[in-house]
Every structure is written in structure tokens, then in C-alpha cells.
Number of protein chains: 2
Amino acid sequence: MDLSLQQLKGFVAVAEEQHFGRAAERLSMTQPPLTRQIQGLERSLAVSLFDRTGRGVRLTAAGAVFLEHCRRMLALLEIAPEATRRAADGQTGTLRIAFTAIGAYAVLADFLTMVGRRTPAVTAELMELVSPDQFEALAGLKVDLGLVRPPIPEQFESLLVHSEDLVLAVPAGHPLAVGDGPVSLSEVTDDYIGYSPEGSRYLHDICAAMVGMNRYAVSQLASQVPTMLALVRAGLGCALIPRSIMAMRVQGVSYRELDSADAHSVTLHACWSPDNPNPALQRLVESLQQNPQLDA
Amino acid sequence: MDLSLQQLKGFVAVAEEQHFGRAAERLSMTQPPLTRQIQGLERSLAVSLFDRTGRGVRLTAAGAVFLEHCRRMLALLEIAPEATRRAADGQTGTLRIAFTAIGAYAVLADFLTMVGRRTPAVTAELMELVSPDQFEALAGLKVDLGLVRPPIPEQFESLLVHSEDLVLAVPAGHPLAVGDGPVSLSEVTDDYIGYSPEGSRYLHDICAAMVGMNRYAVSQLASQVPTMLALVRAGLGCALIPRSIMAMRVQGVSYRELDSADAHSVTLHACWSPDNPNPALQRLVESLQQNPQLDA
DNA sequence: ATCGATCGATACCGTGAGGGCATCGCGTGG
DNA sequence: CCACGCGATGCCCTCACGGTATCGATCGAT
């Protein structure tokens, strides 16, 4: 093994002091072993680093070059432990965050802002995944945090991030497309476009309960909201969609609010594995437990 | 003393192999001391770098950060010896080159080109100094190479870089200002502007010999050629200047060539101290001794 | 020229950090 | 439940490295 850090530190000290005795004192050691350190260094580099002029020593040109390298290395060595500790307690690091297409419209921006406030030096890595894939990624530690809809498997911890009610999306030519006030689900006489029980189990179940299983299952099924809007637009039926999607203005689709009697809220949760060792996640979770206000 | 290079290398090996046994093998050692190295590392950092999962190990987030730092350090460590050796044999480094104002016009560009060809990765640092200051700087190792005029003190080595003859500079209104062919020094009836015997000993002596000491000493003395041209322009007399200065077109000054009988060449030499330990200089000198052709 | 001071190099000795061998504890897979 | 694999631990030994004493050379002062 050639080149030890002690040799490098010794070399830097001698180079700066231009004097073995003073350098040894600075290093809290005596001069002879320091001399040997430098000799060993020069031997393993096969290069003279100092001109011994009887009266003190002077760096050679090669020594000056080596000194620069040593300074860079020692500077890195200096900051490495602190940087590592910051990463260990989650002050720095990377959070891999997954989200659903729906979540992206409603809350992703605010959520990222909140994360940025709580863990300022942490980098967020984003990935769009449907909820089932998110749970798999969370379990496999491919992702640190997911924005998902219920039901959330018991193995995960979660926090309610957003709650909103459902509104009715109707095709442009539909009788309910004109008008302004709330409508009742009983006014909808034609088919619903339903959520896929596999891809969007949560919305499927809620909507099925709202309109009655018998009427709900008759039309197309879709798992992603943009697909549903396309189907509504094509006149295939009405759909129940989260209110925040209204911000997504789609040509040929009108929205109507529901009677308070029929209104039903759907939720979006931040979700993580308690086994996840990512300190940045742990720090964020800790912060959330102390103050669950999302705008704090 | 915390953190040894062995620990860092051991850590990188384990991080890359995700396995203490294989890492130890790669490092040509056995597993137990490697385990202790990592333990010591984690203890001095006060950070867990690996998750021990019974089945192999996995880097923590902090470990990943530390790994990056280690890689950077070890990469520096890898290249440092080679860079130092290159500096030691003069392949890289800095050459501090001094030149006179005169030299700058005539040969500096070609000279730097030649240096660049012979020592491609060497940086040149330039400085304008009059010849006596150059010798002092060369002796004090403040400068590696000087472009000077004779006489050159015996302690230095030198190489003829440029030789040119002198031409006559006359004021615009002077009788000799018109005409094209060579003139004889005997046609000059008025005063000469002479070189200072201190600042430009060489040119002073040559010019004095050319025109005769008695006639030479009568007018102004200047040490720098631009000053002389200003004096000529002011009509204070004629001057003998190196031919290369003709390239410097000065309003109100005309140049006449001298009869071959009167022509006299002046030389410029590259000059260095044989004691100078700068390897870049040594390499250049070596190259010059093998092939003194300046355009090679 | 000589002597003394200063500074780096060398000789020798002792200790402890670090590596090897043997073994343990534990978690996993057959 | 057993056997295997892997990291952790205990013990021993060696040698690398630091300390003390001293040498040798160079430079400055007398």
C-alpha cells in the first residue's frame, strides 16, 4: 500500500512551513518520523518533492503540483464526514416521489412545495405510477413516498394530503350539460362510465356505492381520469370525477356539481414504508408527525 | 488520526461488491479486518454506512453520499503521482519568461511558438524586464528564461535566438529622410541619440564603436528603443536601431539601411541559470541542446 | 579559517495498530 | 429442522511507525 493520508498531511505541513521541525510541531510529533514520511513519499512517487538546501527546504516544481493535489484531497476529506452526517440525518439526500395522474393535477405542486419547506436541501425525484404500482415500488424501496388513493395496505404509513368531492362530467350535447346549479344523481338517466375495479379500486367502489352497483357497471371502464374524460367527450355517458380535474378544461365536456345529499369526498394520501431507511424520508415523516399541517 | 486511505478503499470495495468476503478478496486480505475497518469508519463518522441484512449488505443513503466523496478522493489519489511525475520531468509546469521591449517586437512570438512545440503542456508566464533586471531575476530564480542582449554573465547559459543588423532612424524633416538606397554613417552630420551605457550596455558599446566614441556621446541617452524613436521624432538627432523595430511604424520617423561596410549585427539570446531546478526549463534546455534549430 | 548554531538524516528501540486464524451468532433456504 | 452463508468477535502475532539520541552538513559570526 503506497501513500497514506498521514504522508499527505505531513507533506502539506512541511510544504507550508518550509521547515521539518516546525511542521512536526504543528503535527504534534517529532521531526525524525516526519522526515521518514516525506522520504517514503518521495520514494513511492519516485520524485523529489523538496530541495534540501541545508538551510531549510524548498518545494520543487513537482512538489508544488503534488501540493495542489494534496490540498484538494484533504479538502474533500475535510468535508466528507460532515456531508455524510447531513445525509445520514436526512438534511440532504434524495426523495423519490411517485404520484398518480390525478394527484398531479390537484396536489403535486403544493405537496412538493411543502416537502421543499420541510427538507430544503433534499432533491425530489418524480415518477408517475398508478396506485397499485406505487405500493409495489414503496415495498421494494424503489420509491420513498407515494401519492395514492385508498385503500392503503396496512404495512404502510400514510397521511391525508387532500380531500375533495366528486362532480359530474357530462358530454356537451347531454340534457344536463346546460344549467348551473347542483344536480341530483337521480337526474342522470343514461349510463355512467365507471372506474376500473383493478386500476382504480377506490374510485370504483365509491362511485359504485353512490349510484348503485346495478347501474354503475353497465358502461365502459377506465382506470385513468384523462381516459374517462375522453369517453365522456365521445358521448358514451356521464362520469364522476374529482373536483380538481375541473381545472383541466376539456373541449366537449361540461361539469355539474352534485346535490349535497349525493356529494361524496375522495381522498389522496401520502404513503410510505416505515421500513424505508432513507433518512431524508425519515426526517420528512418526523416533521409531518410534529406538525401535520400541509401548509406549514 | 481518523480516516485512513485503507478505510476508504475498503469501504469502496465493500460498497461496490455489496459483500465483505468478495471485497476482502479483491483487496487481498481476509474478511475480519475488513469488517473492523468499516466498523471503525462508521464509528469515527458516527454514521451507519451499510444496512446489515443478514444476506449481504446494502449502502445507506449516507453511505451513498460518502461513497461519492471517496471515489472523488481516490480518483485524485490515482492521478496525483502521475501528474507529479510529469511535472518532475518537465512535461508539465510553468516557465517564467522575461523579455526586453525590443525582443518582444522581433522574436517573442516565434520564441513562444518554439517553446510550445518543444514542451507542449508547459504554461508560459511572461514578464517584461530590461536586461540587467533579467539577470538578477534569473539568478534569484524569479524567472526561468530571459531574452537578453549580450554581454551575458558567465554564470548563465545561453543560446543565440536572433541576429539582425542596425538601421538608421532619422527625423521626418532630415536631409537623409528622403531617398531609398543604403546610406553611409559618414553622411550623418548631426548628433546621434545614443543608448544608455547602463540600461543598454550592449547596444551602447556597439553603436559607440560604429560611429566613434567622440561623436556618439554628444546627444541624449536612452535605454529603451521606444524612447529613442520618440527622441528621433522630436528631431533631436538620428539613432541606430535594430532592423526588426522598423515593423513598428512611428509617425515622423524614416528608416535608412546602412552601407554593408557600416552594417553591424546585434544579437538576442535566450539565457538561463544552470542551477535552476525547474524541470520544465531543464527539459526545454535538453531539447535545445539536442536540436538548436529554433524552427524545429 | 574556526567555532557554534541550526536543520535534516540516521540508528536504535519500543509499542500498538492492524492483519490472519479460528470461531460464533444469526438469518435464510432447502 | 438442519445446513449453509455471511458478518461479527476473540485471540495472537508481526511490523510499521513514533520517540530518543546522535550524526553530518551548511551557514553565519567572530
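Since the structure is predicted, the reported quantities are computational estimates derived from the model, not experimental observations. The sequence lines fix the lettering, A, B, ..., with proteins before strands; numbering per chain opens at 1.
- Look at Glu136(A) and Lys142(A) and you find no salt bridge, because none of the NZ, NE, NH1 or NH2 atoms lies under 4.0 Å from a carboxylate O.
- Note on Glu16(B) versus Arg71(B): salt bridge recorded, some NZ/NE/NH1/NH2 to OD/OE distance being below 4.0 Å.
- Counting to the nearest Å, the C1' atom of dG5(D) and the CD atom of Glu17(B) are 16 Å from each other.
- Ion pairing between a basic and an acidic side chain is recognised when a charged N comes within 4.0 Å of a carboxylate O; Asp89(B) and Arg85(B) show no such pairing.
- Arg52(A) has a side-chain polar atom (N or O) that falls below the 4.0 Å cut-off from OP1 or OP2 of dA9(C).
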Output a table of nitrogen or oxygen pairs between the protein and nucleotides 16-20 of chain D separated by less than 3.5 Å.
residue : atom : partner  : partner atom : Å
dG18(D) : OP1  : Gln6(A)  : OE1          : 2.7
dG18(D) : OP1  : Gln37(A) : NE2          : 3.3
dG18(D) : N7   : Arg36(A) : NH2          : 3.2
dG19(D) : OP2  : Thr30(A) : N            : 3.0
dG19(D) : OP2  : Thr30(A) : OG1          : 2.9
dG19(D) : O6   : Arg36(A) : NH2          : 3.0

Pairs under 3.5 angstrom only: tabulate donor-acceptor contacts from the side chains of residues 73-81 of chain B to other protein residues two or more places apart or in another chain.
none

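- Per the geometry, CZ belonging to Arg22(A) stands 10 Å off C1' belonging to dC7(C), to the nearest Å.
- The ring pair (Phe, Tyr, Trp, His ring centres under 6.0 Å) contacts involving residues 130-157 of chain B comprise Phe135(B)-Phe156(B), where partners must be two or more places apart or lie in separate chains.
- Rounded to an integer number of Å, the gap from Asp51(B) CG to dC6(D) P is 18 Å.
- Counting to the nearest Å, the C1' atom of dA8(D) and the CZ atom of Phe50(B) are 15 Å from each other.
- A sub-4.0 Å separation between OP1 or OP2 of dG8(C) and a side-chain N or O of Thr35(A) is absent.
- Distance CG (Leu27(B)) to P (dG20(C)): 10 Å, rounded to an integer number of Å.
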Side-chain polar contacts of residues 38-46 of chain B - donor-acceptor pairs under 3.5 angstrom, sequence neighbours left out - could you list them?
residue  : atom : partner  : partner atom : Å
Glu42(B) : OE1  : Arg52(B) : NH1          : 3.1
Glu42(B) : OE1  : Arg52(B) : NH2          : 3.1
Glu42(B) : OE2  : Leu49(B) : N            : 2.8
Glu42(B) : OE2  : Phe50(B) : N            : 3.3
Glu42(B) : OE2  : Arg52(B) : NH1          : 2.9
Ser44(B) : OG   : Gly40(B) : O            : 2.9
Ser44(B) : OG   : Leu41(B) : O            : 3.3

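- Scanning for salt bridge (charged side-chain N to carboxylate O under 4.0 Å, His left out) contacts around Arg283(A) gives an empty result, with sequence neighbours left out.
- Counting non-hydrogen atoms of neighbouring residues, nucleotides and ligands closer than 6.0 angstrom, the CZ atom of Arg22(B) exceeds 12 such neighbours.
- When the P atom of dG20(C) is taken as reference, atom CD of Glu25(B) falls 13 Å away, rounded to whole Å.
- Of the options Asp144(B), Thr94(B), Leu95(B), Ile97(B), a side-chain contact (heavy atoms from CB on, under 4.5 Å) to Glu125(B) is made by Thr94(B) and by none of the others.
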Sequence-aligned protein contact record of nucleotides 25-30 of chain C, with B where the base is within under 4.0 Å of a protein heavy atom and S where only the sugar-phosphate is: --B---
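- Computed from coordinates, the Phe20(A) CZ to dA25(D) P distance equals 18 Å when rounded to whole Å.
- Atoms CD (Gln7(B)) and C1' (dG18(C)) sit 11 Å apart, rounded to a whole Å.
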